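This report concerns only the one structure given below.
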Amino acid sequence: MAYTDFIAAIDLGTSRIVGMVGKKNEHGVLSIIAYEVENSGNCIRRGCVYNVEETANKIKRLVRKLENKLHEAKIEKVYVGVGGQSLRSINHTVPRVLGTEGVVTDEIISSLHAECLNFHPDMLDVLAAVSPVYYLDNKPEANPVGIPCTRIEAKYKLIVGRPSLKRHIINSIAERAQITIAGIIVSPLALSDAVLNDDERDLGCALIGFGAGVTTLTVYKGGKLLHLSVIPLGSNLITRDITSLHLPESEAERVKQTYGSAMMDQDNDQSIQVSQADGLGMREIKLSDLNNVVEARMGEILENVYARLDAIEMEGTLGAGIVITGGGAALKSLPEVIRKRTKMEVRYAATRRGIVASGDLEAGNPSYASAVGLLLNGTENCAGFVPKAYAAEPEPFLIEPVEVPPMPKSEPVKPSKPKPEKKQGGLLKNLSSKFDSMTRNLFDDSEDKS
C-alpha cells in the first residue's frame, strides 16, 4: 500500500543535498520512512543556491529516488532548509497599547509575531522570528495570555538574510523542479531542534556546525536563542590548503578525513602514503607537514568562533558547554583544542533521544540531523496523488464492460432461403418415401389375392 500521509524535507548542504521522508505520531515522535543523498557539486556554495538550474535537476533526481522507496506515492510538497553566510540574528521589539481594560489574548500574540515577520530591514529578508520575551507594563512575563495590562511589548530574535537566499530556493524548487514548497526553515535552528534538549538550552549551550562551505554558531541561554551567526569559512578550505602538498583535491579530501588533526604533533615523524597527482603510483608525505596545514586553517576558523562568543560575553559561561557537528568536526583532537581554549566541556552532536521512534539507524547519524530537524518543524501533509493500483480497496473492474443492445422483438430475424443442395436433399427424400409406399402396396395386394 502506498503512503498517503508523510512529511518530506530537503536539506541543502554545500557538499551534499539530503532528502528525508518521515511520519509524525500524535506525540510528535518521528518514524523515518526513507532518505537519500545527492552530491551538491558546485550548485550550492557556502550554504546557498548558486546554480539554480543544476540545483533543480539534482532536486528532481533526489525526489524520484525517494518516491521509489514510497511504493510509488508522490511527493507533492517539501520543507526546505535555508542557510548561507548572510544569515544572522538581530533584535526587534514590537509594542502594542491595549488600553485601561486590555487583556492579552492569543490573537494579540499572533498579530505581534506576524508584524515581526512583515518587518523589512534594509536589503534583508526576515526568515524567522523566535524566542520572544514579553513585557507587560514594563514587567517581564513568560506566559502573558490572559493577563490584564495597558501595554505589551514583545522582544524577538529575528533571523535575517539576503533576499537572494529565499528567491533562489523558490526559483530552483518551486519554478524549475515544479515541487511545491511547504515551508522554508532556517537550517541552524532546525539542527538545534534535533540535537539540543531543553536542559541544555536553559543552562546555556553553543552549537557549532563545521560545514563544508560555512561554519555556523548558534547560542542558547535561559531557554532562548541568544545569538546566531555564520562564518564564511568551511572545511573545504582545509582540503584546498592540503592540495598545496601537490595532491589532487579528491586525494586531499581523503587524507584530511583519514589523518587530519586539529593539533599538530611536531615530534611525530611518521609518513603516510598518498596518490601522486598523475595517478601513477604512490609517494610519501610527512604527517607533521599535513597537520601543520590542517591546524593553521582550523585555527583561523576557531578564532572567528571565539570572537563571536567574546562579543556576546558567553565564552566560559555556558553551563551545558559546546556541541560540535558537521563534516569538519571529524578532525582528530578538535574537542581537545576547543576545550583548552574555552574552558568548557565539548561533545559531539547526536540526534537527541525520543524524537525518532523507528526507521533506518543511519538516520540517527549527525550528518542527517538537520534533515531530521526539518521534519520536526513540518506540519503539512506532503503526500500527493496515490495510484489506484495501491488503494486500500481496489475497484472490482479496472475496465468497464461494453453493453450490447438487445435485438428488437418487433422485427424477428427471417431465415435465409434454402440452398440448392438442400432442395436436392428434399427431392430424394420424397422419391424414397414414394418408393417405400409402392413396395408396401405390392405386399398388400398379394395378401388380398390369397
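Start at 1 with the first residue, then count along the sequence. None of the values given here were measured: they were computed from a predicted structure.
- Using a 4.5 Å heavy-atom cutoff, the side chains of Tyr306 and Ile338 are in contact.
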**Item:** Residues Lys58, Ser40; criterion side chain to side chain contact (heavy atoms under 4.5 Å, CB included); working and verdict
**Value:** CA-CA 8 Å; Lys58 290 182 179 294; Ser40 298; 5.7 Å; no
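- Remark: the backbone N or O of Ile238 is not paired with any side-chain donor or acceptor of Ser235 at under 3.5 angstrom.
- Lys155 and Asn91 form no side-chain donor-acceptor contact under 3.5 Å, judged by distance and modelled atom types alone.
- Proximity of a side-chain donor or acceptor of Ser244 to a complementary backbone N or O of Arg240 within less than 3.5 Å is not detected.
- Note that the CD1 atom of Ile32 and the CG atom of Leu375 stand 5.5 Å from one another [nearest 0.5 Å].
- The shortest non-hydrogen separation linking Lys332 to Thr258 is NZ-O, 2.6 Å.
- In Gln273, the CD atom is crowded: over 12 heavy atoms of neighbouring residues, nucleotides or ligands sit closer than 6.0 Å.
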**Request:** Test side-chain hydrogen bond (donor to acceptor under 3.5 Å, both in side chains) on Arg88 and Ser229 and set out the steps.
**Result:** CA-CA 4 Å; Arg88 68 177 187 272; Ser229 61; over 6 Å; no
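- Looking at heavy atoms from C-beta onward, Val18 lies out of side-chain contact with Ile10 at the 4.5 angstrom threshold.
- Within a 6.0 Å sphere centred on OH of Tyr50, heavy atoms belonging to other residues, nucleotides or ligands number 12 at most.
- Of the possible polar contacts, none joining the Ser131 side chain to the Lys224 backbone as a donor-acceptor pair under 3.5 Å is found.
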**Message:** The test is side chain to side chain contact (heavy atoms under 4.5 Å, CB included); show your working for Lys286 and Leu290 and say whether it passes.
**Reply:** CA-CA 7 Å; Lys286 288 185 177 182; Leu290 168 67; over 6 Å; no
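- In terms of modelled atom types and a separation under 3.5 Å, the side chain of Ser187 and the main chain of Val82 share a donor-acceptor contact.
- A cation-pi arrangement is present between Lys69 and Tyr35, with the terminal nitrogen or guanidinium carbon under 6.0 Å from the aromatic centre and inside a 45° cone about the axis.
- Side-chain N or O atoms of Asp202 include none that pairs as donor or acceptor with a backbone N or O of Tyr220 at under 3.5 Å.
- Shown here for Ser86 and Leu165, the closest heavy-atom pair between the two residues is OG-CD1, 3.3 Å.
- Rounded to the nearest 0.5 Å, atoms CG (Leu331) and CD1 (Ile324) are 9.0 Å apart.
- Note on Lys256 versus Glu253: salt bridge recorded, some NZ/NE/NH1/NH2 to OD/OE distance being below 4.0 Å.
- Contact check for Leu287 versus Tyr259: side-chain heavy atoms found under the 4.5 Å cut-off.
- Ion pairing between a basic and an acidic side chain is recognised when a charged N comes within 4.0 Å of a carboxylate O; Arg96 and Glu153 show no such pairing.
- The CG atom of Asn236 lies 10.0 Å from the CZ atom of Arg46; values are rounded to the nearest 0.5 Å.
- Classification of Arg347 and Glu345 as a salt-bridged pair fails, no side-chain N sitting under 4.0 Å from a carboxylate O.
- Ring pair Tyr156/Tyr134 is perpendicular by interplanar angle, where above 60° counts as perpendicular and below 30° as parallel.
- Environment of CG in Asn143: sparse, with no more than 12 heavy atoms of neighbouring residues, nucleotides or ligands closer than 6.0 Å.
- Side chain of Asp125 to main chain of Leu127: no donor-acceptor pair is present (N/O by atom type, distance under 3.5 Å, no hydrogens or angles).
- Within the 4.5 Å cutoff, no side-chain heavy atoms of Val323 are placed close to those of Tyr348.
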**Asked** Could you go step by step and tell me if Cys149 and Val104 meet the side chain to side chain contact (heavy atoms under 4.5 Å, CB included) rule?
**Response** CA-CA 7 Å; Cys149 67; Val104 180; 3.7 Å; yes
**Prompt:** Yes or no on salt bridge (charged side-chain N to carboxylate O under 4.0 Å, His left out) for Arg64 and Glu67, after CA distance, side-chain angles and deciding distance?
**Reply:** CA-CA 5 Å; Arg64 283 197 300 268; Glu67 289 177 339; over 6 Å; no
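- Taking a cutoff of 4.0 Å between a charged side-chain nitrogen and a carboxylate oxygen, Glu38 and Arg16 do not qualify as a salt bridge.
- Heavy atoms only, all atoms of each residue included: Met298 and Ala262 are closest at CG-CB, 4.2 Å.
- With rounding to the nearest 0.5 angstrom, the OG1 atom of Thr105 is 3.5 Å from the CD1 atom of Ile108.
- Checking side-chain atoms of Ser261 against main-chain N and O of Asn291 turns up no donor-acceptor pair under 3.5 Å.
- Considering only heavy atoms from C-beta on, Leu196 stays 4.5 Å or farther from Arg352 through its side chain.
- Heavy atoms only, all atoms of each residue included: Val195 and Ala369 are closest at CG1-CB, 3.9 Å.
- Looking at His168, its side chain never comes within 3.5 Å of a backbone N or O of Cys48 through a donor-acceptor pair.
- Lys77 contributes no side-chain N or O that, together with a main-chain N or O of Ala383, makes up a donor-acceptor pair within less than 3.5 Å.
- Atom CG of Asp198 sits in a sparse spot, with 12 or fewer heavy atoms from other residues, nucleotides or ligands closer than 6.0 Å.
- Panel note: side chain Glu175, backbone Ser172; no donor-acceptor pair is recorded below 3.5 Å.
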**Request:** Under the side chain to side chain contact (heavy atoms under 4.5 Å, CB included) rule, what do Asn377 and Tyr79 come out as? Steps first, then yes or no, please.
**Result:** CA-CA 9 Å; Asn377 283 272; Tyr79 286 91; over 6 Å; no
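- A salt bridge between Glu54 and Arg176 is absent, with no side-chain N of the basic residue lying under 4.0 Å from a carboxylate O of the acidic one.
- For the side-chain contact (heavy atoms from CB on, under 4.5 Å) with Ile208, the qualifying choice from Leu302, Thr215, Val219, Ile231 is Thr215, the only one to do so.
- When side chains are defined from C-beta on, Asp193 does not count as touching Leu374, because their heavy atoms never get closer than 4.5 Å.
- The CG atom of Leu158 lies 10.5 Å from the CG atom of Leu124; values are rounded to the nearest 0.5 Å.
- Atom CG of Asn39 is surrounded by more than 12 heavy atoms from other residues, nucleotides or ligands within 6.0 Å.
- From Thr317, atom OG1 reaches atom CG of Leu203 across 11.5 Å, with rounding to the nearest 0.5 Å.
- Annotation for Gln276 and Met282: closest pair NE2-O, 3.7 Å, computed over non-hydrogen atoms.
- Proximity of Ile179 to Val63: side-chain heavy atoms (C-beta onward) are separated by under 4.5 Å at one or more points.
- Within the 4.5 Å cutoff, the side chain of Leu12 has heavy atoms near those of the Ile59 side chain.
- For Ser192 against Thr218, the heavy-atom pair with the smallest separation is OG-CG2, 3.6 Å.
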